[in-house]
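One structure is given below, encoded as structure tokens.
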Amino acid sequence: MDFDLSPEEDAFRAVVRAFAREEIAPHAADRDQRGEFPTEIVGKMGELGLFGLLVPEDLGGAAASFTTFCVAVEELAAVDSSVAITLSAGVGLGIGPILSFGSGAQRTRWLPDMAAGRALGAFGLTETDSGSDAGSLRTRAVLDGDEWVIDGAKEFITNSGTPLTSVITVAARTDDGITAFLVPADTPGLEIGPAYKKMGWRASDTHALRFDGCRIPRENLLGDPGRGFQQFLTILDGGRVAIAALALGLTRACLDVCVEHANERSAFGGPIARFQGVSFPIADLAVALESARLLTYHAAWRKDRGLPFRQAAAIAKLHATEAAVAAGRTATQVFGGTGFLEETAANRYYRDSKILEIGEGTSEIQRLVIARGLGLRVEA
């Protein structure tokens, strides 16, 4: 068994790590406190080729492996989860549906700018009463001549209200079932709600959307009518691996600050690292990190090879995200009183971690997927 990255992937990791430390890390805490979306950083990530990693070369991308994409997400998350989710959602949820199910014309229209970081895409699935129960969504699309008319609302949509947002893939109910549509961000009738005030991911862009007689051309149908739900489930499988990679980076960041602080902070006549009550939880964190790494990159490996990976994705997402939340809790505990202050890295990491157990399918949904994958007849 070979657990090493290829020389190319390893070199790529070094480039992204340097970029994250030099361009993102110095201002991450300030952006978090101000809730400022990093528009300039998105452009720089585009220039570095991060948004185009999975896009074919003829559309301006690099046609890289999914593992390479996970490496990028992990390295960004090691310094700033808000920037990491901007990339993860921009690629997996913005580019992904168009790349996987779009027509040649749709791919040509939208993907080059998105691959270059000049534009962002969003993924409109969640509604107030249909989060985990996505099949019960109420947004409706009706064909009226050569246009689709969409009415409804979405909640918690990442990358949906930035100046760079160009198109939103929207799931709506039609006579054929749940169907996916491409809604340009400047479409009349599309209303972007105020940015949410969030516990974590404060520099990430998240809004509610409302569709009021929103008209789009007939050709903005994405894929086949009635296949939207299956399409979104496919996209979510890859997204769960990417979220596991994000959790991996965050857990690594927690481990690094714990080790540094435990060796530097003095109490009772010496560094607190000498106490088992401090060092043993940090050791447990290291174990959780390594197991999360193996699960995450195993799932990415399966996806890259065209093997079934839904079960592996759910396992990786479940373990890595719960490990990240535990890591954030450990970090704030190791930091003691200062860990309760918002300006400390440990505090930001802990706040950023919780959403990982919710987004792209809650931990409970991952357990449901895993149980069904085992052949258990469990109800939702």
Mind listing the closest non-hydrogen atom pair of [X] and [Y] along with its distance?
X	Y	result
Ala262	Pro271	O-CB, 3.8 Å
Asp80	Ala28	OD2-CB, 3.5 Å
Thr332	Gly339	CG2-O, 3.8 Å
Val369	Ala314	CG1-CB, 3.8 Å
Arg218	Trp148	O-NE1, 3.5 Å
Ala141	Thr174	O-CG2, 3.6 Å

Please indicate whether [X] has more than 12 foreign heavy atoms, meaning atoms of other residues, nucleotides or ligands, lying under 6.0 Å from its [atom1].
X	atom1	result
Arg17	CZ	yes
Arg21	CZ	no
Arg118	CZ	yes
Glu342	CD	yes
Arg140	CZ	yes
Arg274	CZ	yes
Glu155	CD	yes

Assess the residue pair Asp129 and Ser136 against the criterion (side chain to side chain contact (heavy atoms under 4.5 Å, CB included)); give the C-alpha distance rounded to whole Å, side-chain angles, the decisive distance to 0.1 Å, and a yes or no. CA-CA 8 Å; Asp129 296 323; Ser136 66; 5.5 Å; no
Could you state the interatomic distance from [atom1] ([X]) to [atom2] ([Y]), rounded to the nearest 0.5 Å?
X	Y	atom1	atom2	result
Leu368	Leu376	CG	CG	10.0 Å
Cys70	Arg13	SG	CZ	10.5 Å
Arg351	Ser81	CZ	OG	10.5 Å
Ser65	Leu53	OG	CG	8.5 Å
Leu54	Leu59	CG	CG	12.5 Å
Thr296	Ile243	OG1	CD1	11.0 Å

Among Asn159, Leu120, Thr187, Leu190, which one satisfies side chain to side chain contact (heavy atoms under 4.5 Å, CB included) with Ile168?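 Output: one option passes, namely Leu190.
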Hydrophobic side-chain clustering at under 4.5 Å (ILVMFWY, transitive links): who's grouped with Phe340? Put none if nobody.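 None; Phe340 is a cluster of one.
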Between [X] and [Y], does at least one N-O distance fall below 4.0 Å, as a salt bridge requires?
X	Y	value
Glu75	Arg252	yes
Asp237	Lys303	no
Asp352	Lys198	no
Glu360	Arg240	no

Quick check: do [X] and [Y] have side-chain heavy atoms less than 4.5 Å from each other?
X	Y	answer
Asn220	Phe181	no
Pro184	Arg109	yes
Pro38	His27	no
Ile192	Leu209	yes
Ile272	His261	yes
Arg265	Phe335	no
Lys44	Ile24	no
Arg202	Gln33	yes

Can you find a side-chain donor-acceptor pair between Thr162 and Asp205 that sits under 3.5 Å?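 There is no such pair (donor and acceptor under 3.5 Å, judged by atom type) between the side chains of Thr162 and Asp205.
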Can you tell me if [X] uses its side chain to pair, donor with acceptor, with the backbone of [Y] under 3.5 Å?
X	Y	result
Asp304	Phe66	yes
Arg302	Pro308	yes
Glu23	Ile41	no
Glu74	Leu246	no
Thr169	Leu182	no
Tyr196	Phe156	yes

According to a 4.5 Å side-chain heavy-atom criterion applied to Ile, Leu, Val, Met, Phe, Trp and Tyr, with indirect links allowed, do [X] and [Y] form part of one hydrophobic cluster?
X	Y	result
Leu222	Leu233	yes
Val83	Ile157	no
Trp201	Leu76	yes
Ile282	Phe268	yes
Trp301	Leu248	no

Given side chain to side chain contact (heavy atoms under 4.5 Å, CB included), test Gln230 with Thr234 step by step and report yes or no. CA-CA 6 Å; Gln230 288 75 20; Thr234 298; 5.6 Å; no
List the steps, then state whether side chain to side chain contact (heavy atoms under 4.5 Å, CB included) holds for Met45 with Phe51. CA-CA 7 Å; Met45 289 195 294; Phe51 284 97; 3.8 Å; yes
Tabulate below the donor-acceptor pairs under 3.5 Å that side-chain atoms of residues 87-103 make, not counting sequence neighbours, or state none.
from, atom 1, to, atom 2, distance (Å)
Ser100, OG, Gly96, O, 3.1
Ser103, OG, Gln106, N, 3.1

Going through the distances and angles, do Glu191 and Asp212 end up as a side chain to side chain contact (heavy atoms under 4.5 Å, CB included)? CA-CA 8 Å; Glu191 178 183 343; Asp212 185 8; over 6 Å; no
Would you say the ring centroid of Phe229 lies under 6.0 angstrom from that of Phe232?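 No, ring centres 6.0 Å or more apart.
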Please list all pairs passing the side chain to side chain donor-acceptor pair (under 3.5 Å) test where one or both residues lie in residues 314-324, with sequence neighbours left out.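 The answer is Ser291-His319, Glu322-Ser363, Glu322-Arg367.
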